[in-house]
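Contents: one structure, followed by commentary.
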Amino acid sequence: MAALFATRKDLDGWADALGVRNDEDASGELHKLMGRLLDAQDRVRTVARSLSKAPKDDVRGSLATALGRLDLAVVAIDQALRGFAVHERG
């Protein structure tokens with residue numbers, strides 16, 4: 001299970017991955033990415049509804065898997081955002 005709060009090392013890793021040097025910029029980039037993920041969730045849900053009666057189960061299963069993975073990504077980004085909100089790295 002993931003730690004409740006991100007460590008400084010975790011936050012440094014996020015900042016490096018995002019190509020930023022401070023918490024404010026990291027949070028800004030993460031908010032942008034969160035918006036994209038939430039949009040992707042909406043789009044996949046729309047497709048899933050449209051294909052809910054598709055003749056093949058594998059289509060519905062693949063869409064369910066995609067939604068599950070998007071959900072995990074949203075949780076990870078949310079945890080990083082919370083970490084940056086709690087810590088002050090400069």
Tell me whether [X] shares a hydrophobic cluster with [Y], the cluster being built from Ile, Leu, Val, Met, Phe, Trp, Tyr side chains joined at under 4.5 Å.
X: L51; Y: L67; answer: yes
X: L38; Y: L33; answer: yes
X: L70; Y: V59; answer: yes
X: V75; Y: V86; answer: no

Closest non-hydrogen atom pair, [X] against [Y]:
X: M34; Y: V74; result: CE-O, 3.5 Å
X: F84; Y: A26; result: CZ-CB, 3.5 Å
X: S27; Y: L81; result: O-CD2, 3.6 Å
X: A80; Y: L30; result: CB-CD1, 3.8 Å
X: V44; Y: A66; result: CG1-CB, 4.3 Å
X: L63; Y: A48; result: CD1-CA, 3.7 Å

Output, in order, the C-alpha distance, side-chain angles, deciding distance and verdict of side chain to side chain contact (heavy atoms under 4.5 Å, CB included) for E29 and K32. CA-CA 5 Å; E29 289 301 314; K32 288 179 200 175; 3.1 Å; yes
Polar side-chain atom of R60 near backbone of A54 as donor-acceptor pair, under 3.5 Å: yes
Donor-acceptor pair, side chain of D10 and main chain of T7, under 3.5 angstrom: yes
Quick one: side chain to side chain donor-acceptor pair (under 3.5 Å) pairs with a partner in residues 61-73, sequence neighbours left out?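 Only Q41-D71 qualify under side chain to side chain donor-acceptor pair (under 3.5 Å).
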Residues that D25 engages under side-chain hydrogen bond (donor to acceptor under 3.5 Å, both in side chains), provided they are two or more places apart: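 If we apply the side-chain hydrogen bond (donor to acceptor under 3.5 Å, both in side chains) test to D25, skipping adjacent residues, the hits are N22.
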Among all residues two or more places apart in sequence or in another chain, which pass the salt bridge (charged side-chain N to carboxylate O under 4.0 Å, His left out) test with R36?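 Testing R36 for salt bridge (charged side-chain N to carboxylate O under 4.0 Å, His left out), a comparison that skips the adjacent residues, returns none.
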As an exercise, state the distance from [atom1] of [X] to [atom2] of [Y], rounded to the nearest 0.5 Å.
X: I77; Y: L72; atom1: CD1; atom2: CG; result: 12.0 Å
X: R21; Y: D16; atom1: CZ; atom2: CG; result: 9.5 Å
X: T46; Y: R49; atom1: OG1; atom2: CZ; result: 4.5 Å

